[in-house]
Amino acid sequence: MRLFAAMAFLPGGWAPDVGLEVAPDGTIVEVQVGAEPGDTEVLDGPVLAGMPNLHAHAFQRAMAGSAERRGAADEDFWLWRGAMYALAGTIEPDGLYELARGVYREMLVAGYTAVAEFHYVHRDPRGAWYADKAATGRALIEAAKDAGLAIALLPALYMQADAAGTPLAPRQRRFATSVDELLAIRDALRDAYDGDDDVVVGTAAHSLRAVSAAALDALADDDARGAPFHIHVAEQEREVAEVLAATGMRPVQFLLERHHVDARWCLVHATHVDDAERAALARTGAVVGLAPTTEANLGDGLFPLRAYLADGGALGIGSDSNVSLSPVEELRWLEYGQRLATRRRVVAATVDGESCGEVLYARAAVGGAQACGFAAGALAPGRRADLVVLDDRHGPLAGAPPGEVLDRYLFATDRAAPRHVMVRGRWRVRDGVALR
Ligand code: NGQ
Ligand code: ZN
């Protein structure tokens, strides 16, 4: 298949008259600048790589907007978590499939072309195993396949209630897993989806609160495939204090000292890092996973974005609790949080002349793809043809010079969504409508 775009965002920036040759398996095999439209499908708007969503808990969409009424004087993350546990206690595989399929379809329409599902509701509501230990994970993968986006399913290890090793509370019983059980789930899903180009099965540790140091040793290094490994790391200050008390180290410091943190790793909510942790993390090649709308919603705090980007650190975005399903909103709030805190503008662009929107979009797409384990995130040979076509017929994008397209898209567009979305060479959204 050959595609032609009058304007496409390539790794080096916007380019005119771009021809994309896509192999039958959906991989881009050639990118030609200055091509002729000729006998090809013409993409009718500015073209970008699709955005990977590197962190989501699909089921939490069912409570989005439902925990915003004051119930106690000290409303915080931990009280929200109690409401979330009540919801988690009710999910069954069939309902999870239906819910997740709808959520994933909305993500696709908003411009996400892959999702990493951080999955820890493993057991049935009473805390017993389903006959198929991988039942809930399978429901999520089927939901993504039926919605039409790629999925990295990350079964997450969950063993204890806090970093001191307190046993799980009754409301956490659905999450309970041993390392062996978790690897059995991973391997069952790998067998079931072997050879499926739209499914990656990695692993996760819920957090340094929920796993022991010994279990993390066993899990983090056990993957001959080198698939992604994710962990919630330092979202709340109380969490930092808890890990410090239990280990003598801050969470990111602990991971860097004890583990070979590398490009397989995604540190979700590396929010609370000191300068030394931040600088060291940027050198590892690991991806920092940020979820700006959820982190704002839950009152988490702000990651030191500018210094990390200036050091060349990798990052990506996630919709996490799914209060927003739009990559535009995540990237907008990633930048706006920094502007509000620092009272400066154009924070993510660290080099003179750089466009803030281009830096944010390009780095989140590349980092997100790495964290999901897909060769995607850029329009380049060897990468998947996961792409979006923006609508420049009216609104802020109409008549935009190339150098402003991404800034207008991220900062000046209400109800921003692409016109068309393609996943691995197949149209999944046309004129704003999901095709499945
Ligand atoms: C989660 N979500 O696992 O869904 C967490 C809350 C926890 C976010 N951190 C629970 N956004 O961290 O213990
Ligand atoms: Zn999360």
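One-based numbering along the sequence shown. Indexing begins at 1, ligand by ligand and atom by atom, following the structure's order. Since the model is a prediction, treat every value here as computed from it, not as a measurement.
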Check your understanding: Angle class for the Phe118/Tyr120 ring planes (parallel below 30°, perpendicular above 60°, tilted otherwise)?
Key -> perpendicular
Review point. Any N/O/S atom of His269 sitting less than 2.8 Å from the Zn ion (ligand 2), backbone or side chain?
Key: no
Review point. Does ligand 1 have any atom that is closer than 4.0 Å to a heavy atom of Phe77?
Key: yes
Review point. Any N/O of Trp80 closer than 3.5 Å to an N/O of ligand 1?
Key: no
Review point. Of all the atoms in ligand 1, which lie at a distance below 4.0 Å from a heavy atom belonging to His269?
Key: 9 (N), 11 (N)
Exercise for review: Consider every N or O of Thr294 and every N or O of ligand 1, then say whether any pair is closer than 3.5 Å.
Suggested key: no
Practice item. Name the orientation class of the two ring planes belonging to Tyr158 and His206 (parallel below 30°, tilted from 30 to 60°, perpendicular beyond 60°). Key: tilted
Check your understanding: Does Met159 reach the side chain of Ser178, with side-chain heavy atoms less than 4.5 Å apart?
Key -> no
Review point. What atoms of ligand 1 come within less than 4.0 Å of a heavy atom belonging to Tyr120?
Key: 1 (C), 3 (O), 4 (O)
Review point. For Gln60, is at least one N or O under 3.5 Å away from an N or O on ligand 1?
Key: yes
Point to revise | Protein contact to atom 8 (C) of ligand 1 [nearest heavy atom, distance to 0.1 Å] | key: Glu235 OE1, 3.5 Å
Point to revise | Minimum-distance atom from the Zn ion (ligand 2) among N, O or S atoms of His232 | key: NE2
Check your understanding: So, His122 versus His119, ring centres under 6.0 angstrom or not?
Key -> yes
**Study point:** Nearest non-hydrogen partners of Arg383 and Ala378, listed with the distance
**Key:** CB-O, 3.5 Å
Practice item. For residues His260 and Trp265, establish whether the separation of their ring centroids is below 6.0 Å. Key: no
**Study point:** Under 4.0 Å to a heavy atom of Leu298 - the qualifying atoms of ligand 1, by number
**Key:** 11 (N)
Check your understanding: Can you find a heavy atom in the side chain of Trp14 that is under 4.5 Å from one in the side chain of Glu358?
Key -> yes
Point to revise | Residues, nucleotides or ligands: over 12 heavy atoms within 6.0 Å of Glu237 CD | key: no
Check your understanding: Hey, looking at atom 6 (C) of ligand 1, which of His232, Met84, His57 has the closest heavy atom?
Key -> Met84
Point to revise | Phe175-Tyr85 aromatic ring centre distance below 6.0 Å | key: yes
Review point. So is Asp320 polar-close to ligand 1, meaning N/O to N/O under 3.5 Å?
Key: yes
Point to revise | Distance filter under 4.0 Å to Arg209 heavy atoms, resulting ligand 1 atoms | key: 7 (C), 12 (O), 13 (O)
Review point. Should His206 be counted as touching ligand 1, given the test is an N or O pair under 3.5 Å?
Key: yes
Practice item. Could you label the plane-to-plane angle of the His232 and His57 rings as parallel, tilted or perpendicular, counting under 30° as parallel and over 60° as perpendicular? Key: tilted
Study note, to complete from the structure: closest protein heavy atom to atom 10 (C) of ligand 1 is Arg81 CD, 3.5 Å
Exercise for review: Could you tell me whether ligand 1 has any atom less than 4.0 Å away from a heavy atom of Glu295?
Suggested key: no
